[in-house]
Amino acid sequence: MALLEIRDLHAQVGGRELLKGIDLTVNAGEVHAIMGPNGSGKSTLAQVLAGRELYAVTGGQVTYQGKDLLALSPEDRAREGIFLAFQYPIEIPGISNQYFLKAALNTVRKHRGLPEFDAMDFLDYIREKVDLMKMETALLNRPVNTGFSGGEKKRNEIFQMAVLEPTLAILDETDSGLDIDALKLVASGVNLLRGPQRSMIVVTHYQRLLDYIVPDYVHVLAEGRIVKSGGKELALELEKSGYAAFGIDEVEEAVGKA
Amino acid sequence: MTAAAEQASAWLRNFTEQRPSAPWARELKAAAFARFGETGFPTTHEEDWRFTNVAPIARTVFSAAAPAEADAAVLAPFAEGVRLVFVNGLFASAASEVPPGVFAGNLTEEAAAYLGRQAGLDAPFSALNTAFLADAAFVRINRGVVVEQPIHLVFLTTANGVAGPQAAHPRTLIVAGPDSQSTIVESYIGAGSYFTNAVTEIAAGPGAVVDHYKVQMESLESFHVGSVYAGLGRSANFTSTSISIGAALARNDVTVTLAEGSEAGLNGLYLANGSQHVDNHTTIDHAKPHGTSRELYKGVLDGKATAVFNGRILVRKDAQKTDSKQTNKNLVLSDDAVINTKPELQIFADDVRCTHGATIGQLDAEALFYLQSRGIGKRQARSLLTYAFAQDVADRVRPKPLRDWLERILIEKFHERPY
């Protein structure tokens, strides 16, 4: 059984259809790249999978671990092992990163039937992840994403992913706004988290990220549909000839912001 | 008798049946009662009371608060440090240990020189309070004395077997000598249905530092009207923090008059739910040059609560180089809650910097989704974000026992602890 089965998925926002019949199958341990120009619907797909209410699903099914994913609340999806790394991580002044992570981790652990961590257990656990991801510990005590640089925010997303240990990670333009050094750091963090029991959907506009996070499959999204699927070489082809060679027009960015 | 006549005669009866006043206070009290007789209670036709209807107070016949036994320790925010307790407006227990150079106790004749200086008799509720002046909290800090521990004034109102609503008129007078440093915490708490009409006067001498907190945690069936008046000497530094959580109807006024080079910080946090109404009126009077004021008031409104923020900043002709900043932020959690916020800047000097801003917002949908996408349930996510909103005012509370208490209250209110 596939981990994730998306069948003929349609979604719209404000009466405008952004996903017009997506089909995608992701098996355990696979990394799928979704590429597409601005406005192709790739961020919409990422957010719909995570349960953002802004988008109305108007047709199709999504099955995750045999369950009807679309019937679950965003928090239940997270507890079932879905993780979305945001394109624009949200700043939350007044809540420390560490507290936020502890609250998140304990709800997830509780859901999985594991005992909740107390402050000491949590510190031990988090220290391990800090070392693994080469995070600066100072970031833990700062309010969530507040005053973080673009690179720090993206690293914080991957750090959260390391802490929550998802089964399916969706990375929404994790490369956007990063210089090459920051990109390498983020990508190496992601690569450390790859494994046979963890699948990933990597959404990106540019091939560059895929030099560092090498996918098993590449899908090209245009106007709300997957127009081409292939192996990792498809990304290189796209990079060389551009979206236009595939008969795809770049349109204005229509998603990501309410 | 008409209802109005009945109330007027009840106030007159209460006034005349008071304990005999100290001779030095008689004239002031008589003048205050006469003044209140002229004005009566304000109505919504008056600009200062446009959004706060005190008819529920005006039409209730209150009996004078009677002496009662009460365990303030159970209800007061914290028990550390120097503490005076007043029950139903009457002096109940003295401070255990007062540091040298400090007087903290019931009103003495020495207070006569200061009493009414800041408050005046023009505001009807302040006049009414003065008319019923009896016991009062009097704190005097001598020149140059630094008081480390907060001085805690607890005003408790309780029916305690007396039928019908009672009115208490707590009064506080703080005289901070030149270059002294002190922290004063006033707590208003109670049980049952009653009316607290409080007045606080603060005279801060030149170079004095006064950190003042008012915690309004009255019973949810009560009315609370309270005014803090502060007069600052040259280069004095005054901070007012007003936390308003209780009462069915609460009105909190803070009026500060600055001298040359003085600094005022006004912080406020108001939480209202159900059918609570809370009104904060502040006035910052920059009377002299080189004054600085910083104001941050935040409100969280839920249910059918209504709230008012009116921030008046007056920069007089003399007050060049004034630097003033006012911020009012409101978080509205329900569709039925209402906030009226109004900055009121009157600037008569030409070389000043004055800014103001007000916001009214709901919980950020993207932030909610962000928390949910990490597994945090919607209800907990809402609590966390609400706490986060109030956090920066709570962070400005300097005495640790009070800050801890406030965080506990916020957590109880919002069910969640983010640190």
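Values in this document were obtained by computation on a predicted structure and should not be read as measured data. First the proteins, then the strands, lettered A, B, ... as listed; each starts at 1.
Within a 6.0 Å radius of NZ in A:Lys129, more than 12 heavy atoms belonging to other residues, nucleotides or ligands are found. In this structure, B:Lys325 places its NZ atom where only 12 or fewer heavy-atom neighbours from other residues, nucleotides or ligands lie under 6.0 Å away. A 6.0 Å sphere centred on CG of A:Asp124 holds more than 12 heavy atoms belonging to other residues, nucleotides or ligands. More than 12 heavy atoms of other residues, nucleotides or ligands sit less than 6.0 Å from atom CZ of A:Arg194. For B:Lys329, the NZ atom counts as loosely surrounded, since its 6.0 Å shell holds 12 or fewer non-hydrogen atoms of other residues, nucleotides or ligands.
Chain B is approached within less than 4.5 Å, heavy atom to heavy atom, by A:Pro74, A:Glu75, A:Ala78, A:Arg79, A:Ile82, A:Phe83, A:Leu84, A:Ala85 from residues 60-85 of chain A, ordered by number.
With rounding to the nearest 0.5 Å, the separation of CD1 in A:Ile92 from CG in B:Leu384 is 8.0 Å. Interatomic distance, OH of B:Tyr370 versus CD of A:Glu91, reported as 10.0 Å (0.5 Å rounding). A distance of 10.0 Å separates OH of B:Tyr387 from OH of A:Tyr99, quoted to the nearest 0.5 Å. The CD atom of A:Glu53 sits 6.5 Å away from the CD atom of B:Gln372 when rounded to the nearest 0.5 Å.
For A:Asn97, no part lies under 4.5 angstrom from a heavy atom of chain B. When heavy atoms are compared at a cutoff of 4.5 Å, A:Val163 does not approach chain B at all. When heavy atoms are compared at a cutoff of 4.5 Å, B:Leu371 approaches chain A by way of both its backbone and its side chain.
Smallest separation of non-hydrogen atoms from A:Thr107 and B:Gly375: OG1-O, 3.0 Å. Across all their heavy atoms, A:Ile95 and B:Ala388 have their closest contact at CG1-CB, 3.6 Å. Pairing each heavy atom of A:Gly51 with each of B:Phe369, the nearest pair is C-CE1, 3.6 Å.
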